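To keep things clear, I will list the structure first and then write my remarks on it.
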Amino acid sequence: MKLDLSHTKPFLDDALVRNIESRISDTYKTVFDKTGAGNDFLGWVNLPSETDENLLADIEQTAATLRKKSDVFVVVGIGGSYLGARAVIEALQNHFAPLVDEKPLIVYAGHNMSEDYLVDLLQVLDKKDYSLAVISKSGTTTEPAIAFRILKNHLINKYGEQEAASRIVAITDKAKGALKQLANVKGYKTYIVPDDVGGRFSVLTPVGLLPIAVAGIDIRALVKGAVEMERLCKKQPTMENPVSQYAVVRHALYEKGLTNEIMVNYEPRLVFFSEWWKQLYGESHGKQHKGIFPASVTFSTDLHSMGQYIQDGLRNLFETVISVENADHELRIPTEADDLDQLNYIAGKRISEVNHKAELGTVLAHEDGGVPNIRIVIPEVSAQVLGELIYFFEMACALSGYMLEVNPFDQPGVEAYKKNMFALLGKKGFEAQTAELNRRLGL
């Protein structure tokens, strides 16, 4: 991958950038030495290079078994427990996977509490052979716990206790928690969520690797890409490193008052990679009334909707563009004699070439409109490249968090809605809050 920062330079002054650059080596040291806030959740730093061969082989074997017996594979989880896997799977599978003979189809549950969504899913699963992975460190997170309870009962009714147990994999704590206890009692196959790896950094653990392997994707290539980026970060914890350059420039733009970062892609297969990135950065940095707000768009589609705002709206944003150099396939625009659609001027060109020109034209237009652009150029969308990108963004996230002087690895704000929800539902221990919340809601 390559980093192009040329379209940010008109918006930054050298003194500000140099000041932030001077802190980068110490910031890396905070990460590598595990001396900063949240240091008990830095297990992801060495994770790629320390991934055990036996673990990869075991995941591959389990995935192969599940693939043979499943038309559908359900990933039950929320946030980091499913977004990383979904990002990789949707980036690498056929765009129309449900309509082609790719089995199993990977679907998701436990990431919402929509009654209609679950009913629709159950109606599909009534007619299909399926298995599932339930991903939760505690086993009591409300959304996935509800979905798993319903799907577990559906599996038992469909296959019986013994066969249902063979179709469930629990990815959870190594020793404690409701899901671990249930897995021990029922005999589910289990994998461990490492104690020192938080959910949004867990895609390179079994949390992400098992669903990705069930989808038929090469998890070894994914890990290999992450290993290469890990080694680069450790070899060059300086401004020679693209991770450092990205972290420094986005922080400099934030210091200049640009508080919104828009992840831009020109390939629809990267939509869920943007969703993973949004959680990673939003949950890591949005604390103490600080942090860059992460958003995303898919161009050129969203140039016909959000493009107007980005070009001419409030000037508090910058863009980070993931630019893919090479398409997997070749399709050229045909010539037509009457040229009624006036496209003969690009006849014979590959669609990917037109897409690239649209990208470059947009970068220049947005720069002219006062929007800095960071370009991350990757050669292709492949498992190895995605592994590099995952580690790239994880390390830059940690560096950026420490530059903001927040703990990048906790999420205290997430608990606020949960406490209110528990009180409104009448959960034991929340009685004191219930009356006040009902009063505020006029109930």
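Count residues from 1 along the sequence. Just so it is clear, the structure is predicted and the values come from calculations on it, not from any experiment.
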Have S114 and D116 got a donor and an acceptor in their side chains that come within less than 3.5 Å? no
Is a donor from one side chain sitting under 3.5 angstrom from an acceptor on the other, for S244 and Y28? yes
Quick check: closest heavy atoms across T172 and S136, and the distance to 0.1 Å? OG1-O, 2.7 Å
Output, in order, the C-alpha distance, side-chain angles, deciding distance and verdict of side-chain contact (heavy atoms from CB on, under 4.5 Å) for I135 and Y82. CA-CA 8 Å; I135 306 165; Y82 94 102; 5.7 Å; no
Tell me, yes or no, whether the heavy-atom count around Q236 atom CD, taken from other residues, nucleotides or ligands under 6.0 Å, exceeds 12. yes
What I want to find out is whether R220 reaches E53 closely enough, with some N-O distance under 4.0 Å, to be called a salt bridge. yes
Is the closest basic N to carboxylate O distance between K256 and D13 below 4.0 Å? yes
Taking the six-membered ring of Y191, is the NZ or CZ of K189 close enough (under 6.0 Å from the centre) and on axis enough (within 45°)? yes
Listed partners of L155 passing side-chain contact (heavy atoms from CB on, under 4.5 Å), at least two apart: Y130, L132, Y159, A164, R167, I168
In terms of relative ring orientation, are W276 and F273 parallel, tilted or perpendicular, with 30° and 60° separating the classes? tilted
Any side-chain heavy atom of D196 sitting closer than 4.5 Å to one from L42? no
Count the heavy atoms belonging to other residues, nucleotides or ligands that lie under 6.0 Å from CD of E431, then report whether that count exceeds 12. yes
Ring-plane angle category for F409 and W44, please: parallel below 30°, perpendicular beyond 60°, tilted otherwise. tilted
Indicate whether any N or O donor in one side chain lies under 3.5 Å from an N or O acceptor in the other, for E367 and N373. no
Given R200, which partner from the list Q411, Q279, E394 fulfils the side chain to side chain donor-acceptor pair (under 3.5 Å) test? Q411
Indicate whether any N or O donor in one side chain lies under 3.5 Å from an N or O acceptor in the other, for Q308 and D312. yes
Please examine the side chains of L125 and V74, heavy atoms only from C-beta on, and report whether any two atoms are closer than 4.5 Å. yes
More than 12 heavy atoms of other residues, nucleotides or ligands under 6.0 Å from CZ of R149: is that the case? no
Tell me whether H95 at atom NE2 has more than 12 heavy atoms from other residues, nucleotides or ligands lying less than 6.0 Å away. yes
So, are K234 and E230 salt-bridged, with charged N and O less than 4.0 Å apart? yes
Side chains of R250 and T320: is there a donor and an acceptor less than 3.5 Å apart? no
For K174, does the NZ atom sit with more than 12 other heavy atoms under 6.0 Å from it, leaving out its own atoms? no
More than 12 non-hydrogen atoms from neighbouring residues, nucleotides or ligands closer than 6.0 Å to NZ on K278, yes or no? yes
Filter on ring-ring contact (aromatic ring centres under 6.0 Å, His included), then keep only pairs touching residues 290-320, sequence neighbours left out; what's left? Y266-F299
Over 60° means perpendicular and under 30° means parallel, so classify the ring planes of H251 and Y254, tilted if in between. tilted
Please report the C-alpha distance between E21 and R18 in whole Å, then the side-chain angles of each, then the deciding distance to 0.1 Å, and finally whether the salt bridge (charged side-chain N to carboxylate O under 4.0 Å, His left out) criterion is met. CA-CA 5 Å; E21 287 177 351; R18 283 196 302 270; over 6 Å; no
With a 4.0 Å cut-off, would you call E275 and R86 a salt bridge? no
Could you tell me whether the side chains of E228 and Q384 share a donor-acceptor contact shorter than 3.5 Å? yes
